[in-house]
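Being a predicted model, the structure only gives us computed values, none of them experimental. Just so you know, ligand 1 is whichever comes first in the structure, and atom 1 is the first atom listed for that ligand.
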Amino acid sequence: MTDRLNILLVGSGGREHALALRIASSPLTANLTVAPGNAGIGEIAECVAIAADDVPGLVDYAARNAIDFVIVGPEVALVAGLADRLAEKNIRAFGPNAAAALLEGSKSFMKDIVAKYGIPTAAYARFRDRDAAKAYVIEHGMPIVIKADGLAAGKGVTIATTPAEAEAAIDEALIGGRFGAAGSEIVIEEFMTGEEASYFALVDGETVVPLGAAQDHKAVGDGDTGPNTGGMGAYSPAPVVTRELERQILNDILRPLASAMVAEGRPYRGVIFAGLMIVPGPAGPKPRLIEINVRFGDPECQVLMARLESDPVALMLATAEGRLADLPPARWSDQAALTVVLCAEGYPGTPVTGTEIKGVAKAAAVEGVTVFHAGTKRSADGKLLACGGRVLNIVATGSDVAQAKTRAYRAVDLIDWPGGFCRRDIGWRAIEREAVS
Ligand code: AMP
Ligand code: GLY
């Protein structure tokens, strides 16, 4: 039996609140601290005011406070080498080292590996030179996708439908410096059509343990309209990912990718979040890789945690220690889970902050519902205030996505927050599929 662990969880969103709830109740946990956390996390764990991207601050805190295991929510610190710095101090981490985190940190790196090992993805080319980039766009035609190479907080991708839009995106990145160093190189790639889905797996070296599929809703408005956000809601499982597609995702994408990273001398340890396009074809739908993230999705993590019956700490520790192959398969509920994200007015532009939220306890009392905090804080007199764009997540389970949706919106309607809004149609694709099957 492993000794109980002092755990430091890094991050401050709904993803981290969902992880914190499971970590705090794990038999493997002695004590949980979260950096920096939020008002909801503060109700179940100690929060310390260290930013999620402050690598030296996080390492220093872990070393001084006898932390045994650091679980990293967001990608920025991983790309900057948090796991490497912790390893130098013999502290275990859930999350890849910098060499492997480049799968998310550099789209050029990711595309080159994927192309070299024959993993299905969009055709692409890399550019630093604006004229060469423009010539490629003209040669290939519209629509076309232009991506800043590095981390750009979800804003680095342009889907251009006219040559003028494509040229503007190229100039903004390569000449205007819109993304700083992250945009000094760009990837231009083929536009893929189909339905998007996300797939999650734990990976240590060659071992790939499937966690399952989810879908999120990126657009801010009902009917998937309006500008993109970090995610307005999600559900799992995603009925678009059939057993056959899951087999292909594992055999044609994730297992070859894990082996490729080992062959390249960059073995991956952590969760892989594959963004996929499910592309229709004469021989049935096929998965093609859009992007790799080196972390759980937010809000996808919230719905995965709602369905995971095994102890996530045991799974994450085995990943960090390279013992995944020895674990029994993870156990999953056969229930569906769905989450609705409540946002502050103004999001995804500048959100209005400081508005008061009431009714959380009433919402959380609805059958099957858990409420997670994302951008919240407490005022000096104990009021719950919005302090970010995505503010609360209402997570519900049910016998299918439709029932989970009904329960989630019943809870949403008990939240008293005039300064907030949400989409009313989370889950519509899955529910349409459930209705015909
Ligand atoms: P990424 O940051 O690479 O995931 O891109 C953000 C979003 O842009 C994705 O979730 C897709 O909706 C879209 N996207 C990215 N690459 C492509 C592509 N090659 N074809 C179609 N849509 C894409
Ligand atoms: N919900 C998408 C992401 O976490 O990147």
Side-chain angles (χ1 to χ4, degrees), residues 11-16 18-19 52 72-76 78-79 103-111 114-115 120-125 137 140-161 166 169 173 179 182-183 186-200 213-220 224-236 238 271-280 287-305 339-341 343 348 374 389-390 393 423 426 429:
S12 63
R15 167 179 56 202
E16 286 74 26
L19 288 170
V72 188
E75 67 280 5
V76 178
L78 293 169
V79 172
L103 281 176
E104 180 166 359
S106 167
K107 292 191 190 284
S108 312
F109 170 82
M110 186 281 274
K111 294 293 288 190
V114 160
T121 190
Y124 76 106
V137 162
H140 285 80
M142 300 302 122
I144 202 158
V145 186
I146 294 147
K147 303 186 174 184
D149 177 58
L151 294 183
K155 298 190 167 55
V157 176
T158 302
I159 296 174
T161 52
F179 306 107
I186 56 175
V187 168
I188 303 187
E189 66 180 41
E190 168 202 354
F191 176 75
M192 298 186 283
T193 46
E195 185 169 334
E196 279 183 63
S198 304
Y199 198 88
F200 295 84
Q215 276 183 300
D216 77 344
H217 293 262
K218 288 206 172 68
V220 72
D224 295 315
T225 54
N228 270 355
T229 68
M232 297 297 290
Y235 47 93
S236 174
V271 59
I272 283 192
F273 161 6
L276 303 163
M277 192 68 84
I278 309 298
V279 181
R288 296 178 80 194
L289 187 63
I290 301 174
E291 63 164 345
I292 293 290
N293 297 301
V294 299
R295 53 176 173 82
F296 282 110
D298 184 345
E300 292 90 333
C301 181
Q302 291 83 312
V303 288
L304 289 175
M305 289 301 130
T339 181
V340 178
V341 177
C343 302
R390 294 193 292 175
N393 307 151
R423 277 182 61 163
I426 300 304
R429 287 178 191 279

**Residue M192 vicinity, atoms of ligand 1 by number, heavy atom under 4.0 Å** = 18 (C), 19 (N), 20 (N), 21 (C)
**Asked** Given N393 and T339, is the side-chain hydrogen bond (donor to acceptor under 3.5 Å, both in side chains) satisfied, shown in steps?
**Response** CA-CA 6 Å; N393 307 151; T339 181; 4.9 Å; no
**Message:** Is it the case that the side chain of R390 and the backbone of M232 share a donor-acceptor pair, with hydrogens and angles ignored and the cut-off at 3.5 Å?
**Reply:** no
**Request:** Enumerate the atoms of ligand 2 whose separation from the nearest heavy atom of E300 is less than 4.0 angstrom.
**Result:** 1 (N), 2 (C), 4 (O)
**Item:** Part of K218 within contact of ligand 1 (heavy atoms, under 4.0 Å)
**Value:** side chain
**Item:** Numbering as shown, the atoms of ligand 1 that approach I159 to under 4.0 Å (heavy-atom distance)
**Value:** 13 (C), 22 (N)
**Message:** Side chain or backbone, does D216 bring an N or O within less than 3.5 Å of an N or O on ligand 2?
**Reply:** yes
**Request:** Measure from atom 7 (C) of ligand 1 to the protein's non-hydrogen atoms and state whether any distance is below 4.0 Å.
**Result:** no
**Item:** NZ/NE/NH1/NH2 to OD/OE distance under 4.0 Å, D216 and K218
**Value:** yes
**Asked** Of V157, N293, V145, V187, which has the heavy atom at the shortest distance from atom 5 (O) of ligand 1?
**Response** V157
**Prompt:** If you look at every heavy atom in F109 and S106, which pair is closest and at what distance?
**Reply:** N-OG, 3.0 Å
**atom 1 (P) of ligand 1: nearest protein contact (heavy atom, Å)** = E291 OE1, 3.5 Å
**Request:** Could you list which atoms of ligand 1 come closer than 4.0 Å to a heavy atom of M277?
**Result:** 21 (C), 22 (N)
**Asked** Closest non-hydrogen protein atom to atom 11 (C) of ligand 1, residue and atom name please, with distance?
**Response** E196 OE2, 3.1 Å
**Request:** For the residue pair Q302 and R15, establish whether any side-chain heavy-atom pair is separated by less than 4.5 Å.
**Result:** yes
**Message:** Does ligand 2 come near enough to R390 that some N or O of the ligand is less than 3.5 Å from an N or O of the residue?
**Reply:** no
**Item:** Element-labelled atoms of ligand 1 that are located less than 4.0 Å from some non-hydrogen atom of E189
**Value:** 16 (N), 17 (C), 18 (C), 19 (N)
**Heavy-atom pair of closest approach, residues P280 and T193** = CD-O, 3.9 Å
**Request:** Answer whether the closest heavy-atom distance between the side chains of I292 and E104 falls below 4.5 Å.
**Result:** no
**Message:** So if I count the atoms of ligand 1 from 1 in the order they appear, which ones are less than 4.0 Å from some heavy atom of K107?
**Reply:** 1 (P), 2 (O), 3 (O)
**Request:** Report yes or no: does T229 contribute a side-chain atom to a donor-acceptor pair with the main-chain N or O of P348 at less than 3.5 Å?
**Result:** no
**Prompt:** So is R295 close enough to ligand 2, meaning a heavy atom under 4.0 angstrom away?
**Reply:** yes
**Request:** List the closest protein heavy-atom neighbour of atom 3 (O) of ligand 1: residue, atom name, distance to the nearest 0.1 Å.
**Result:** K147 NZ, 2.9 Å
**Item:** For G297, atoms of ligand 2 separated by under 4.0 Å from a heavy atom
**Value:** 4 (O)
**Prompt:** In terms of atom number and element, which parts of ligand 1 are under 4.0 angstrom from non-hydrogen atoms of F191?
**Reply:** 20 (N), 21 (C)
**Message:** Between R288 and E190, does any NZ, NE, NH1 or NH2 come within less than 4.0 Å of an OD or OE carboxylate oxygen?
**Reply:** yes
**Asked** Between D298 and ligand 2, does any nitrogen or oxygen pair lie at a separation below 3.5 Å?
**Response** yes
**Part of F273 with heavy atoms under 4.0 Å of ligand 2, whether side chain, backbone, both or neither** = side chain
**Message:** So Y124 and K107, do their side chains get closer than 4.5 Å, heavy atoms only?
**Reply:** no
**Message:** Can you confirm, on distance only, whether ligand 1 has an N/O atom lying under 3.5 Å from any N/O atom belonging to N228?
**Reply:** no
**Request:** Search all heavy atoms of P120 against all heavy atoms of P287 and return the closest pair with its distance.
**Result:** CG-O, 3.8 Å
**Message:** Determine whether R295 and E300 satisfy the following criterion, salt bridge (charged side-chain N to carboxylate O under 4.0 Å, His left out), listing intermediate values before the conclusion.
**Reply:** CA-CA 11 Å; R295 53 176 173 82; E300 292 90 333; over 6 Å; no
**Message:** Show me which atoms of ligand 2 lie under 4.0 Å from any heavy atom of G230.
**Reply:** 1 (N), 2 (C)
**Asked** Checking side-chain contact (heavy atoms from CB on, under 4.5 Å) for the pair V137/M142: CA distance, chi angles, key distance, verdict?
**Response** CA-CA 8 Å; V137 162; M142 300 302 122; 3.2 Å; yes
